[in-house]
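What's counted below: heavy atoms across the whole structure, side chains too, no hydrogens, waters or symmetry copies.
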Amino acid sequence: PLDERGITVERGRIPGEMSVDQQQRLHVEFREAAFQPALLRQQVLQNPRTVLGQLRQLRLRQPALPIVFDPVMIATSGAALADAATIALFGEFIALATVTTPNLPELAALGGKAAVIELAGVGAVLLKGGHGEGTLVTDELWRGEQLLARWQLPRINTPHTHGTGC
């Protein structure tokens with residue numbers, strides 16, 4: 001243990017319940033004022049059930065906290081980053097998110113625009129069009145069936161797309 005309160009440090013994969021329990025202990029110890037993350041970034045691909053448990057707890061404690069979910073599945077190189085079991089949980093992440101940001105291949109793997117918008121409920125969906133065809137790249141922001149914004153810009157012809165977010 002780190003201290004007499006039983007807060008421990010775990011390395012590698014740990015059960016979701018243990019991680020949530022430790023997060024709750026830290027939350028009680030440091031009180032709400034000390035636990036005000038502006039952005040939660042987690043490694044969904046390594047331990048999705050743990051992260052899902054943490055997000056559920058966070059959403060209960062701080063319902064207005066913005067949560068952005070980027071359903072990363074495939075690297076720029078084409079290598080698969082998420083297995084089928086992880087992708088199957090993505091719908092639960094989408095339901096918790098304030099905004100979900102799939103690119104076109106991710107959108108297709110999640111069942112298409114209508115399916116993702118339905119999963120998002122009251123959350124927004126930012127569809128990233130970088131993988132599309134043509135000379136223009138189109139991104140769209142949706143909330144439910146309402147298109148809130150559409151951005152179109154000329155495609156930049158470059159082989160250096162790593163980390164661009166598509």
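- The list of salt bridge (charged side-chain N to carboxylate O under 4.0 Å, His left out) pairs with a residue in residues 150-159, not counting sequence neighbours, reads Glu140-Arg150.
- The shortest non-hydrogen separation linking Thr100 to Pro71 is CG2-CD, 4.1 Å.
- No chain of hydrophobic side-chain contacts below 4.5 Å, direct or via other Ile, Leu, Val, Met, Phe, Trp or Tyr residues, connects Leu107 to Leu136.
- The heavy-atom pair separating Leu96 from Arg59 by the smallest distance is O-NH2, 2.8 Å.
- Residues passing the side-chain contact (heavy atoms from CB on, under 4.5 Å) test with Ala149 are Leu141, Trp151, sequence neighbours excluded.
- Within 6.0 Å of CG on Leu60 lie more than 12 heavy atoms contributed by other residues, nucleotides or ligands.
- Within the structure, salt bridge (charged side-chain N to carboxylate O under 4.0 Å, His left out) contacts touching residues 118-127 (residues at least two apart or in different chains) do not occur.
- Nearest heavy-atom pair, Lys128 versus Thr101, reported as atom, atom and distance to 0.1 Å: CE-O, 2.9 Å.
- The side-chain contact (heavy atoms from CB on, under 4.5 Å) test with Met73 singles out one residue from Leu110, Leu81, Thr86, and that residue is Leu110.
- Phe93 and Phe69 have parallel rings, their planes meeting at less than 30° on a 0 to 90° scale where 60° marks the start of perpendicular.
- Of all heavy-atom pairs spanning Arg143 and Ala124, the tightest one is NH2-CB, 3.8 Å.
- Lys113 and Leu127 make their closest contact through CD-CD1, 3.4 Å (heavy atoms, listed as atom of the first residue, atom of the second, distance).
- Atom CG in Leu126 sits 10.5 Å away from atom CG in Asn103 (nearest 0.5 Å).
- Not counting sequence neighbours, the partners of Arg56 by the salt bridge (Lys or Arg N to Asp or Glu O under 4.0 Å) test are Glu92.
- Pairs of residues two or more places apart, or lying in two chains, never qualify as salt bridge (charged side-chain N to carboxylate O under 4.0 Å, His left out) while including a residue from residues 96-107.
- Smallest separation of non-hydrogen atoms from Val125 and Pro102: CG1-CD, 4.1 Å.
- Under the rule for a side-chain contact (heavy atoms from CB on, under 4.5 Å), Thr135 has no partner lying at least two apart in sequence or in another chain.
- For the pair Val68 and Thr98, the minimum side-chain heavy-atom distance is 4.5 Å or more.
- Leu104 contributes atom CG, which lies 9.5 Å from atom OG1 of Thr138 (distance to the nearest 0.5 angstrom).
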